[in-house]
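A quick write-up on the structure given underneath.
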Amino acid sequence: MSSLHRVILDTDIGSDVDDLLALALILGTPSIDLIGVTTVYGDTLLRARIAKRAARLAGRDIPVIAGESQPLSGRDVWWAGHEGALYDELESETIDGQDAVAYLVETVLADPGSIDLIAIGPLTNIAAAIRRDSRFASAVRHLWIMGGAFTTDEPEHNFRSDTTAAEVVFGSGIPTTVSGLEVTRQVTIDRDSLARIAGSGNLGALIDAEVRQWWEFWSTEWNVPHDPVTVLTMTDPDLFRFSGPGAVSIHGEAEDAGVSRFAPGSGSVRIAEQLDADGVADKIVLGIVAASPLARRGAGE
């Protein structure tokens, strides 16, 4: 893979703070050309406005398109209740459309084989794009997913929220790398890391407030950066050990909905099996700090 990745981020930003961390990391990574953001799951217009505001705080104007709000599986949407609470006049943010599926199809098919998709929410938008145009799956360069758990029977949120979408995506043949809970949970954001981020400018201050809100929600003083870990599987693969190719299956029945399995052998999917926890944590913080306009000016951008 070349050193520059043209990326569309598909996200349910606004609930778990790790989506915001991932967006900031992407914005602070020179090897990523973020060409667009699509939002998924629940109030996707609100999520799109949050993404637009966060990018603007980083001094960037990125196309943001709202997407599918209801899971293909029909499962009820989980909503934390604090989404958008820390943003003043969020309704003033103008987004760039409300048909993320059309945007995904049109953008990927306009330049087949050149665009990476990073999917860090339920896979509804990606599955809908696969269903909308039979050419879409083969035109995606690579798909990087946060989801699943492959060493336990734990149903992970993204897969459980839309098991139908996950089944469609993993049956599509798109070359895919998955970061499951057993890997992402090896990394944490604690008070020391947050202090480094908080001092990096307006976006850092927002992240600080969002992280503290998330800590209060769960009564903790640390959180797992699931989604930023997924970004680094693309940009810094030397920090990870991956499986060989294989196939992922998703359980869809009510009692074990979202439980995932990986079977090595034939298939287009690999999973992250191990990582350098200290190296990944440092990369996440440095990348988020680098998203600040002040940091970019200091680097001579």
Side-chain angles (χ1 to χ4, degrees), residues 1-2 4-14 19 22-23 26-27 29 31-56 58 60-73 93-147 158 161-162 164-178 227 230-231 234-235 268-269:
M1 294 184 179
S2 67
L4 181 65
H5 296 268
R6 298 180 65 228
V7 166
I8 298 172
L9 174 68
D10 188 66
T11 173
D12 59 342
I13 193 169
D19 292 78
L23 175 57
I26 289 170
L27 293 171
T29 302
S31 62
I32 296 178
D33 176 15
L34 182 61
I35 63 174
V37 176
T38 53
T39 59
V40 69
Y41 193 65
D43 189 344
T44 54
L45 176 58
L46 175 65
R47 296 192 193 280
R49 287 172 168 159
I50 291 170
K52 196 74 172 180
R53 174 70 59 85
R56 191 159 61 81
R60 304 283 293 276
D61 184 14
I62 306 295
V64 180
I65 300 90
E68 298 296 295
S69 61
Q70 295 300 314
L72 298 178
S73 66
E93 295 292 341
T94 302
I95 66 167
D96 302 277
Q98 297 192 53
D99 189 349
V101 177
Y103 170 79
L104 285 166
V105 171
E106 292 167 6
T107 306
V108 169
L109 291 182
D111 199 358
S114 73
I115 295 174
D116 290 283
L117 305 181
I118 300 178
I120 54 176
L123 293 169
T124 314
N125 283 339
I126 310 300
I130 292 167
R131 286 180 166 181
R132 186 170 296 190
D133 195 306
S134 60
R135 300 169 295 170
F136 177 80
S138 62
V140 174
R141 183 188 188 191
H142 200 93
L143 176 60
W144 310 85
I145 291 175
M146 190 283 125
N158 288 342
S161 294
D162 197 344
T164 301
E167 289 168 352
V168 169
V169 170
F170 286 113
S172 70
I174 298 175
T176 301
T177 298
V178 185
D227 297 339
T230 304
V231 174
M234 181 183 73
T235 59
S268 59
V269 181

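- The two residues Tyr103 and Gly36 make their nearest non-hydrogen contact at OH-CA, 3.4 Å.
- Taken from CD1 in Ile130 to CG in Leu123, the straight-line distance is 8.5 Å, to the nearest 0.5 Å.
- The distance from atom CH2 of Trp144 to atom OG1 of Thr177, rounded to the nearest 0.5 Å, is 4.0 Å.
- Between Ala100 and Gly67, the closest heavy-atom pair is CB-CA, 3.4 Å.
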Exercise for the section: Evaluate the side chain to side chain contact (heavy atoms under 4.5 Å, CB included) criterion for residues Asp61 and Arg56: first the C-alpha distance (whole Å), next the side-chain angles of each, then the deciding distance (0.1 Å), finally the verdict. Expected result: CA-CA 6 Å; Asp61 184 14; Arg56 191 159 61 81; over 6 Å; no

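- Considering every non-hydrogen atom in both Ile50 and Gly14, the closest pair reads CD1-CA, 3.9 Å.
- Counting only heavy atoms from C-beta outward, the side chains of Val7 and Ile115 never approach each other to under 4.5 Å.
- Formation of a donor-acceptor pair under 3.5 Å by the Ser138 side chain with backbone atoms of Arg135 is found in this model.
- Using a 3.5 Å distance cut-off with no hydrogens or angles, the side chains of Asp116 and His142 do not pair a donor with an acceptor.
- Looking at Asn125, its side chain never comes within 3.5 Å of a backbone N or O of Val101 through a donor-acceptor pair.
- Under the 4.5 Å side-chain criterion, counting only non-hydrogen atoms from C-beta, Asp227 is not in contact with Thr11.
- Among all heavy-atom pairs drawn from Ser161 and Ser73, the shortest one is O-OG, 3.6 Å.
- In this structure the side chain of Ser268 never reaches within 4.5 angstrom of the side chain of Ile174, judged on heavy atoms.
- Contact check for Leu34 versus Leu23: side-chain heavy atoms found under the 4.5 Å cut-off.
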Side chain to side chain contact (heavy atoms under 4.5 Å, CB included) between Ile8 and Val37: does it pass, once the steps are laid out? CA-CA 6 Å; Ile8 298 172; Val37 176; over 6 Å; no

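- Distance check: Leu143 CG to Ile118 CD1 gives 9.5 Å after rounding to the nearest 0.5 Å.
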Would you check, one step at a time, whether the test side chain to side chain donor-acceptor pair (under 3.5 Å) holds for Ser114 with Arg141? CA-CA 5 Å; Ser114 73; Arg141 183 188 188 191; over 6 Å; no

Show your reasoning for whether side chain to side chain contact (heavy atoms under 4.5 Å, CB included) applies to Asn158 and Ile145.
-> CA-CA 10 Å; Asn158 288 342; Ile145 291 175; over 6 Å; no

>> Working note: Arg131 + Leu72, criterion side chain to side chain contact (heavy atoms under 4.5 Å, CB included); need CA distance, chi angles, decisive distance, verdict.
In response: CA-CA 11 Å; Arg131 286 180 166 181; Leu72 298 178; 3.9 Å; yes

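- Checking each of Arg53, Arg47, Arg49, Lys52 against Glu93 for a salt bridge (charged side-chain N to carboxylate O under 4.0 Å, His left out) leaves exactly one that passes, namely Arg53.
- Shown here for Phe136 and Ile126, the closest heavy-atom pair between the two residues is CE2-O, 4.3 Å.
- With values rounded to the nearest 0.5 angstrom, Asp12 atom CG is found 13.0 Å from Ser69 atom OG.
- Atom CG of Asp33 and atom CG of Leu4 lie 5.5 Å apart (nearest 0.5 Å).
- For the atom pair OG1 of Thr38 and CG of Asp10, the computed distance is 3.5 Å after rounding to the nearest 0.5 Å.
- With a 4.5 Å cut-off on side-chain heavy atoms, Val231 and Ile32 count as touching.
- Residues Ile65 and Thr39 are not in side-chain contact: their nearest non-hydrogen atoms beyond the backbone lie 4.5 Å or more apart.
- Between Leu27 and Ala58 the shortest heavy-atom distance is CD1-CB, 3.9 Å.
- For the pair Ile26/Leu9, a side-chain contact is recorded, criterion being any heavy-atom separation below 4.5 Å from C-beta on.
- Side-chain contact between Arg6 and Asp111 is present, with heavy atoms from C-beta onward closer than 4.5 Å.
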